[in-house]
Amino acid sequence: MIHVDGTLDTLYDEVLKRNPGETEFHQAAREVLESLAPVVTKHPEYVDAAVIRRVCEPERQIIFRVPWQDDSGAVQLNRGFRVEFNSALGPYKGGLRFHPSVYLGIVKFLGFEQIFKNSLTGLPIGGGKGGSDFDPKGRSDGEIMRFCQSFMTELYRHIGEYTDVPAGDIGVGGREIGYLFGQYKRITNRYESGVLTGKGITWGGSQVRTEATGYGTVYFLDEMLKTGGQSFDGKRVVVSGSGNVAVYATEKVEQLGGTVVACSDSSGYVVDEKGIDLSLLKDVKEIRRERISAYAEERGAIYVPGGSVWDVPCDIAIPCATQNELDADAADRLIKNGTSYVAEGANMPCTPEAVRLFSDAGVSFAPGKAANAGGVATSALEMQQNASRDSWSFDYTEDRLADIMRGVHDRCLETADEYGSPGDYATGANIAGFIRVANAMLAQGVI
Ligand code: NDP
Ligand code: 2IT
């Protein structure tokens, strides 16, 4: 059971009752509520004005039908979602996920996390998330385009530069954002650049957005290492996944002097003791869209079908695939193998039991809502450039990203200190993220 003060207990019970069967949302809500006990003691006004209660209830939830025709002419059917969770700090902001596992509980957990993550960046963005149970694997470009067009034919009426600004997530990258933007432009007859982020560089996109989540996670880790008097130099690193976040986390680790010795996809993992060859990885995953086994074959590296990438010994672990991919067993093995830093590039990849084991073993742990905030932060920089019809250089944008990640890191540590949990990044992130949103909600009245 949840060990928090009576009020938070009641709130958690309400979350369970109002959102039956949505286990990922329950998990995300519980992790935040468990951190808020010292906040409630210090600030009873958040309870009086039902701020915590309101923050757990999305402002709006949209569910829609997405019919489309496959290459054989058969009609396919999927479900689309957009959960507009909280707009206290700015327009709803958060990615779209296309994956067969998507249902309301996943979108709600991601939207909930996004509220606090976006708040932590210090930028003017609210929280939201969307997606579909569409499975892009094995689909042709034409099928992806027709799906995106159908998805946007409903979504367009709910989004806008000042309302709700989607971006990518699992299964949604530059190609999909292109098709989505094209359809939005066609339906609305407006070149509204700021309605989506993650656009191509030549048509309103920002430098560094593609790299931002992975780079940002590694900048965050670099700050954690510095805090412990260490650096990436000579460190063995394991990254899970081999998508957008994993690839650019790998790139930045290598730039900072570490070696990424393993990565994975949902079929298996690769061990490459010489260090991952980035140009081959990008070619296999980003251009050819093949499986990680193709990388191993061409590189002459070890491929382990199935299994867990967390079996590979490392100093630093960066889970960059999906929620709950690193459980207590995996945490146990990492700890036994001497891992001392874990930063979540993905959203909620570590189970609560794994996080507890890390904490007990003195492993320094960074939660996703802090460590992976660089992606959405750079999306906010893309919105700034769109609003001013400007575009910044790569170096300038990357400096801004690095600065933002240092800010997020320091805010987590300072807040953890202030609320009696020194060194606890997860508690610091939850409290600091919550307080900024809560104060805006208090100021804006009962809405
Ligand atoms: P991609 O679609 O580019 O890559 C996802 C990777 O994770 C693939 O290697 C995929 O393997 C693997 N994966 C996905 N689902 C599963 C699963 N159920 N089991 C095992 N492996 C899985 O997505 P991103 O890199 O963009 O996203 C990765 C994580 O980072 C997600 O948690 C996302 O929410 C989070 N994130 C993303 C941001 C962004 O800007 N893109 C920003 C902040 C967080 P396979 O190809 O075999 O499915
Ligand atoms: O989880 C995330 O922060 C994202 N998928 C990025 C969201 C965004 O709006 O850039």
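Given the structure is predicted, the values throughout are model-derived calculations rather than measurements. Read the numbers this way: they start at 1 and go in the same order the structure lists the ligands and their atoms.
- A salt bridge links D277 with R299: the distance from a Lys NZ or Arg NE/NH1/NH2 to an Asp or Glu carboxylate oxygen falls below 4.0 Å.
- Looking only at protein heavy atoms, the nearest one to atom 24 (P) of ligand 1 is V245 CG2, 3.9 Å.
- The distance criterion of under 3.5 Å between nitrogen or oxygen atoms is not met by K285 with respect to ligand 1.
- Residues F147 and F98 bring their aromatic ring centres within 6.0 Å.
- A salt bridge does not link E414 with R411: none of the charged nitrogens is closer than 4.0 Å to a carboxylate oxygen.
- Taking every heavy atom of both residues into account, Q76 and D70 meet most closely at NE2-OD2, 2.9 Å.
- Less than 4.0 angstrom separates some heavy atom of G241 from each of these atoms of ligand 1: 9 (O).
- Within ligand 1, counting atoms from 1 as listed, the ones closer than 4.0 Å to a heavy atom of C320 are 28 (C), 29 (C).
- For atom 6 (C) of ligand 1, the nearest protein heavy atom (residue, atom name, distance) is G243 N, 4.0 Å.
- Take R97 and apply the salt bridge (charged side-chain N to carboxylate O under 4.0 Å, His left out) test, not counting sequence neighbours, and it matches D169.
- Donor-acceptor pairing under 3.5 Å is lacking for the side chains of Y162 and E192.
- Atoms of ligand 1 found under 4.0 Å from any heavy atom of A321 (numbered from 1 in listed order, with element): 7 (O), 12 (C), 28 (C), 29 (C), 31 (C), 32 (O).
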* Dump the intermediate steps for salt bridge (Lys or Arg N to Asp or Glu O under 4.0 Å) on R406 and D410, then the final yes or no. => CA-CA 6 Å; R406 272 191 292 275; D410 295 352; over 6 Å; no

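- Annotation: T213 places an N or O atom under 3.5 Å from an N or O atom of ligand 1; distance criterion only.
- Near D169, the atoms of ligand 1 lying under 4.0 angstrom from a non-hydrogen atom of the residue are 26 (O), 33 (C), 34 (O), 36 (N), 37 (C).
- Listed by first and then second residue, the ring-ring contact (aromatic ring centres under 6.0 Å, His included) pairs involving residues 239-297 amount to none (not counting sequence neighbours).
- In this structure, atom 28 (C) of ligand 1 has protein heavy atoms in its sub-4.0 angstrom surroundings.
- In terms of the ring pair (Phe, Tyr, Trp, His ring centres under 6.0 Å) criterion, residue partners of F64 (sequence neighbours excluded) are, by chain and number, F151.
- Of the protein's non-hydrogen atoms, S266 CB, 3.5 Å is the one closest to atom 20 (C) of ligand 1.
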Between the protein and ligand 2, are there any N or O atom pairs that come within less than 3.5 Å of each other, and if so, what are their names and distances?
from	atom 1	to	atom 2	distance (Å)
ligand 2	1 (O)	Q114	OE1	3.4
ligand 2	1 (O)	K117	NZ	3.0
ligand 2	1 (O)	K129	NZ	2.9
ligand 2	1 (O)	N347	ND2	3.0
ligand 2	3 (O)	Q114	NE2	2.9
ligand 2	3 (O)	K117	NZ	2.8
ligand 2	5 (N)	K129	NZ	3.2
ligand 2	5 (N)	G168	O	3.0
ligand 2	5 (N)	D169	OD1	2.9
ligand 2	9 (O)	K93	NZ	2.6
ligand 2	10 (O)	R209	NH2	3.0
ligand 2	10 (O)	S379	OG	2.6

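- Applying the 4.0 Å criterion to heavy atoms of R97 picks out, from ligand 1, the atoms 31 (C), 32 (O), 33 (C), 34 (O).
- For ligand 1, the atoms lying closer than 4.0 Å to a non-hydrogen atom of R291 are 45 (P), 46 (O), 47 (O).
- A salt bridge does not link K129 with D164: none of the charged nitrogens is closer than 4.0 Å to a carboxylate oxygen.
- Using a 3.5 Å distance cut-off with no hydrogens or angles, the side chains of Y219 and E398 do pair a donor with an acceptor.
- Heavy-atom contacts of S242 reach the following atoms of ligand 1: 9 (O) (cutoff under 4.0 Å).
- Defined by atom type and a distance below 3.5 Å, a donor-acceptor pair is missing between the side-chain atoms of S393 and Q207.
- The side chain of R209, and not its backbone, has at least one atom closer than 4.0 Å to an atom of ligand 1 (non-hydrogen atoms only; side chain from C-beta on).
- Ranking protein heavy atoms by distance to atom 2 (O) of ligand 1, first place goes to G171 N, 2.9 Å.
- For L110, no nitrogen or oxygen atom sits less than 3.5 Å from a nitrogen or oxygen atom of ligand 1, counting backbone and side chain alike.
- Atom 16 (C) of ligand 1 has T322 CG2, 3.6 Å as its closest protein atom, hydrogens excluded (heavy atom only).
- The protein heavy atom nearest to atom 3 (O) of ligand 1 is N244 N, 2.9 Å.
- The pair K282-E251 meets the salt-bridge criterion, since a charged nitrogen lies less than 4.0 angstrom from a carboxylate oxygen.
- By the criterion of a heavy-atom distance under 4.0 Å, neither the backbone nor the side chain of E325 is placed next to ligand 1.
- For atom 23 (O) of ligand 1, the candidate residues are T210, I292, V247, I170; the nearest heavy-atom contact is made by I170.
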